[in-house]
Structure formats: C-alpha cells, structure tokens
There are 2 protein chains.
Amino acid sequence: MAVTMNDVARAAGVSLKTVSNVINDYEFIRPATKQRVLDAIEELGYETNLTARSLRSGKTSMLGLVLADLSVPYYAELASDIMKAAWARGYRVLVEQSGNEADHEKSALQGQFRSLTDGLLFIPLSLDAEQIIRAAGKKPLVLLGEFVQDPRLDMVLIQNHEASAAVTAHLLAGGRRRIAVLGAHDGDTTGSNGLRLNGYKAALAAAGVEYDPALVIGCEWRRDGGADAIARLLDSGVAFDAVFGLNDVVALGALHELLVRGKRVPDEIAVAGFDDIDEARFASPSLTTVEPGRAEIAERAVELLINRIEGKGSADKVEQPEAEFSLRVRQSAP
Amino acid sequence: MAVTMNDVARAAGVSLKTVSNVINDYEFIRPATKQRVLDAIEELGYETNLTARSLRSGKTSMLGLVLADLSVPYYAELASDIMKAAWARGYRVLVEQSGNEADHEKSALQGQFRSLTDGLLFIPLSLDAEQIIRAAGKKPLVLLGEFVQDPRLDMVLIQNHEASAAVTAHLLAGGRRRIAVLGAHDGDTTGSNGLRLNGYKAALAAAGVEYDPALVIGCEWRRDGGADAIARLLDSGVAFDAVFGLNDVVALGALHELLVRGKRVPDEIAVAGFDDIDEARFASPSLTTVEPGRAEIAERAVELLINRIEGKGSADKVEQPEAEFSLRVRQSAP
DNA sequence: CACGTGATCTGCAACGATGTATCCCAGCAG
DNA sequence: CTGCTGGGATACATCGTTGCAGATCACGTG
C-alpha cells in the first residue's frame, strides 16, 4: 500500500540503504545521486514510516506528559508550552490524563505508555516520591509541579514558598491583616499546598501578624472548590479582609462567590491567586496573582528531559532547576 | 535491554508465538500453558512493545488531533473529552498544535504525523475544504468545529445557525434591540463566524428588528480580541444595549472591558457568548452562553473516526451528525 | 605501477511483534 | 486398525527501517 524506501530505491535506481542515507543526511553521497533519490521521493510521495524507524532505532522521539486533566487551564497552558518546546527540538508530546487517580498515575509510569515514549514529564498529584521511584522504570523522568519533592528525582521547581510569601506580603502591604487561605489544610507542610501555606505563614511572621488556623480552608483546586470554600468561610462568621486562593481557579471561584454575595472586591475584601492563567488578566476585577514562570518551567523541563534521553549533561547528578516567579498586581488586590 | 517475548517464551518453555497468542487472547490454549506464560510475564516484568506491534499490524491505536492551540479553553476542554472518549475505546490521542497556520495544518494532514496515527480529528481554521481534500491522504479523517463545511467530508456539526439564533432571540426577549456582534465581519457567510452571524440575522429578522452592520465588529477569537473590539465600538459612539460574543473568550474579554469602563452588566448592557467553557459559569457576572454539545461532539467524532478506521458502518456514505445545543442563561443576560 | 586513502554505495541482519501455514496428537467413527 | 477431526502448539516469513561491515572505484603518492 504505502510507498516504502524500497519503492523509492527502485525508482531512483539505487539501493535501499542509499535512500536511507539520503534521508538521514549521510555525508558522503554524490549530489547527483542525492538529487535522483529526492526526486523519486517527491514523485512517489514517499513518507518515512516512523513506526519502523522507532522499532529499529529504539527511539520514538515522543515525550510523555502525564497530568490530571487538560480542562484545567493551568495544565492546558503548560501543556501547550511544553508541546511547543518539544516540537522545537524535534520531539512530539503524547499526553496522558491521569484524572488525579493514583492507579492511573502508576499505570502511566510503568505501563505500555512508556514504550511509546523516550521519556516522561510527570505532574504527580496522588503518588508520593517513594511510589514514583518504585513504579518508574529506567527511562528518563522529569517531574513538574512540585507536589512531590525528593533529592533523588529530576524535577523543575516552582518557588512555591517564596512566591506565596510574596503574594501574602503584597496583601499585607495593602493593609490587610486577616487573610484567608483557600486550598490547604492547617497542618499541610508538603506538596504545593503545604509549601504555599508555609510561604504564607512566613510572610505573616515577617510582618508580625498572627497566624489564625480558622482562616485556612481546604478545598479542591477547582472553581467550585474555591466558591464552596469561601461560602463556608462567610457562613462561619469568621472575619477576613483578604483571600489568597492557592491557585487561580480557586481564587476566581471565590471571587465569583464573593461578588454574588454582594461583597465589594477589592474595597471590602482583596483577592489574590497563584498561576497567572490567561483568564486572570480578564477577570472582573482582574486578578492579582503570581506568575510561576510557566514558560521557563516548560522550557527547562523539556530541555532537561531531552538531555537525559540523549545522554547529554552530567548523567549522575540529579538536577532541580528553579523557575523565576513574578508578582502580577491587578485590580483584585492593588 | 528490555524483556521481549522471546525471553518470556524461553522462561515459560514455550514458543514465542504461544506467548503472542496468550497476550492476544487466542482461544485455544490449555489453561496450564496460559498460566505458565502469564507467570513468566509477571516474573520478568514483560511489557509489549507497542512500536513493534504497530509495525507488524499496521495499526498504531492512536488518533491524531489537530487544533490551533491547547491554551484556548474551548479546545482544551474538547481535547480532554476527546481523549477520554478515545481512551474508553482503547485508543490514545496525539495532539498537534497548528497555531492556526495553514502550512502547519497542511503538514499535519499529510506529513509524518499521519504515519503515527490510524486516523485524524481535525479542527481546520486556515484550510478550506478543497485544500483539505487535496492534502489529506487515504487515512480516515473527521472534521470538527465546522469552520469548513463540505458534503464530501465526514464531520461532526455544531448547530451554529440555530444556537446563535437562540442566543440572539434570548437577548431580544429580554428587550434588547441594539445587539452588537463581536468576532465576525459584516460580509461573512461561511465558517463559524459566518454561520453564527447568519443565525443572529435570522433571529433579528424573525423579531422584526433591523440589522445594522455598524454593530458587527470583527476581531480575533481571543480575550484581548473581544476587549479591543468592544473598546472600538464604545469609542465609535454607536449605541448598543447588548453584546453577543461569537465565542466565550471574546464575550469575556468584552465583559471585562465593559466593566473597566464602568458599564453596568446586565443593567445597561447584556452580554452573551458561545461555547459554555467552564469559566463562563464563574465569571462575574456569570456569562449567558450556549453549550454546543461539547461532550456529544467529542463522543460522536471519536466514534465516527474509529468506525472508519475499523471499517464498521457504511463505508461510502459521508456522515455528518449534528450535536444538540442548549442555552445557558446566567446573570450577564438574564 | 602497486598501493594506501577516502569517497561513495551496497548487502545483510536485526529491531520485536504478528499472520499464515503447518505439525502433532488425542479421540473417535468406520 | 486406519483415517479423520480439530484442539493446541510451533516455525518461518514479514512489517519498513537503520547499524554494521564491506565492496567498489577514482586518485594521488612514492
């Protein structure tokens, strides 16, 4: 059916291997021969069969990307950046949605999925470092999203603590003293939630403001999670003058609910988030948030993973580069 | 390196082909043999090499999905649904971002990308039907997103005209008479923009309201496009009491700009969109919009494509199922 | 003029699985 | 006892490409 190298070889009057050499830019080919082969390729409409190439070469030139769900804006935007970075380096990205389920994450790490990819970018949500190390095979693996932190694993880090502290400090500088936190529980110390909560605490301490666990409300990192959380807080009667959603959709969900309930933002209550998704800029009022360095994260992660795949760089040293964040001050918390 | 069927065969004391038979659930295998093979697989940690299987069988069990950019919420949500639908049927999805460039779309249609997939889901934006037919190979192809319409191509349709008319009718029913349209030009008749514009016109006509081209503002289908467009309209001094953004992000961008400029929504100006992205529900005010049947679109498209791939269904008849839409009335246009 | 050298091209095996044809054997009818 | 049947397992070729090891040939050198 499909045109193969053999057909091209016959048409060009050369050996199959010469066609292969032309395609792979082998150095020593007479220009005339090369041209004949290229003409034959053109004429027959030959396309290299990537499956066969993969089988023979042992490389698929595909990176796996495991994340919870593309419908989450931050992941979608990150995935888009990752795909572009990979594309620029000659790799494609195969996305696997884990739905935030441990089984699914595990099977993505070990399963057949791996045989389709040369390496994996993984945003773990349910598995811890130990489970990841146990489940992961020998193929290169780079973690993103820092829910997991471990000195044995390559990963690109977000400055959760510092960025969170910066947001909090900004709210404090605006005169807020009772800052509610949505998306973490009082005891959390690990994962994005824990790290961001700790950054919040550190900023409070630095400003001499007392930490009140009653202001810390756990919720799913979704819009409705944020809306529910703020509703519970309002209903509880606890006083607060600012809200820090540990990611943007939580903050936006809370913002929505606050406005529904007739609160004035930012006059009565300031709102801030974390991620700087595109939507944050166009919310009403626009959302103050922190940009975690998404483009840099994508770039570094892809670069690191491909270096591992291609054996460049120091093979044995675990790498954990950190992305630069920046505060985005907007209307919701000027 | 990796464990192959051969290793398993040796360990289980059977032939390579028997291992293959066990894995592919061949009927006539003695339970004892099967068990021995399964044990060996377990013990050695064997994983089938999907690349090799693909080469031999000629199927990759992957669907290609070509869209402009995952950072666009509607595409991200659609992609998520498509991936789930495909997964449920034993297929994976390989996403290719065209960036809305014709060259890129074309290369996705013909290029090596195709050899990795059994069929393609394509959301065309730059290519027209003729170009698509010319560029596409013989592999199954299903179009989505109806910028292109052609009786020769399989596609899943959105009821652009009807849904758009429904939104417009809703605004009219709310007493609005000067409804601005963002995201189309006066002359447009094809593509989502043209079809939706026509739906708008039809609803006006049905209500006996005159069509005013000055209310139709072209813009990119992005947040900033919507914001710019409404800014231009406001600056032009043309009077209007409602805005229909031809998709949600345009509407949300416009909504943002209206609020920035101190307009009251919906009291002074009502706003409606098209797509019902998750964000619409949590905007402030929440956005009235139309749900085009996204889940159904994903489901039908995947089903249709896989039927084509597997040769089920009527081979020769072009299929163009239409998804059911539904109006979502919210605060921005009650 | 024989010979080394490097440019140019070729043949064969192999990647890891599956399709096809075949073989072996137990059970059973004639 | 022979021949047939069909379950259960196997051997071999094959998918389309690339790695490796050569083969060939022109050319300059001593």
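Order of the sequence lines sets the chain letters (A, B, ...), proteins ahead of strands, with each chain counted from 1.
- OP1 or OP2 of D:dT18 lies within a sub-4.0 Å distance of a side-chain N or O belonging to A:S20.
- Within 4.0 Å of B:T48, counting heavy atoms only, lie sugar-phosphate atoms of the nucleic acid but no base atom.
- Atom pair A:D7:CG and D:dC15:P shows a separation of 11 Å (rounding to whole Å applied).
- Distance B:R53 CZ to D:dT17 C1': 20 Å, rounded to the nearest Å.
- Using modelled atom types, one finds a donor on one side chain and an acceptor on the other under 3.5 Å when comparing B:S15 with B:T18.
- To the nearest angstrom, C1' of C:dA17 lies 13 Å from CD1 of B:I41.
- If you measure from atom CG of B:L116 to atom C1' of D:dG16, you get 14 Å, rounded to the nearest angstrom.
- If B:A52 and B:V19 are placed on DNA chain D by their nearest nucleotide, the residue sitting closer to the 5' end is B:V19.
- Rounded to 10 degrees, the angle separating the terminal helix axes of the helix from C:dC1-D:dG30 to C:dG30-D:dC1, each built from five base pairs, is 60°.
- The CG-P distance, from B:L44 to C:dG16, rounds to 14 Å in whole Å.
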Classify every nucleotide of nucleotides 6-14 of chain C by which part a protein heavy atom approaches to under 4.0 Å, writing B for the base, S for the sugar-phosphate alone and - for neither, in 5'-to-3' order. -SBBBB-BB

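- At least one side-chain heavy atom of A:K59 sits under 4.5 Å from a side-chain heavy atom of A:I309.
- Side-chain atoms of A:E101 and A:S126 form no donor-acceptor pair, as typed in the model, at a separation below 3.5 Å.
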Could you go through A:R300 and A:E322, starting from their C-alpha distance and side-chain angles, then the distance that decides it, and tell me whether this counts as salt bridge (charged side-chain N to carboxylate O under 4.0 Å, His left out)? CA-CA 9 Å; A:R300 302 286 285 271; A:E322 215 170 40; over 6 Å; no

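- Using modelled atom types and a 3.5 Å distance limit, the side chains of B:T4 and B:N6 yield no donor-acceptor pair.
- A donor-acceptor contact closer than 3.5 angstrom links the side chains of B:D39 and B:Q35.
- Between the side chains of A:S115 and B:N49, no donor N or O sits under 3.5 Å from an acceptor N or O.
- OP1 and OP2 of C:dC15 both lie 4.0 Å or more from every side-chain N or O belonging to B:N49.
- One can place NZ of B:K59 at 23 Å from P of D:dT14, the figure rounded to the nearest angstrom.
- Residue B:R114 contributes atom CZ, which lies 17 Å from atom P of D:dG16 at whole-angstrom precision.
- In this view, A:D118 and A:T60 satisfy the side chain to side chain donor-acceptor pair (under 3.5 Å) rule, not counting sequence neighbours.
- In the displayed structure, A:E47 atom CD is contacted under 6.0 Å by more than 12 heavy atoms of other residues, nucleotides or ligands.
- In this structure, A:D25 atom CG and D:dG19 atom P are separated by 13 Å, rounded to whole Å.
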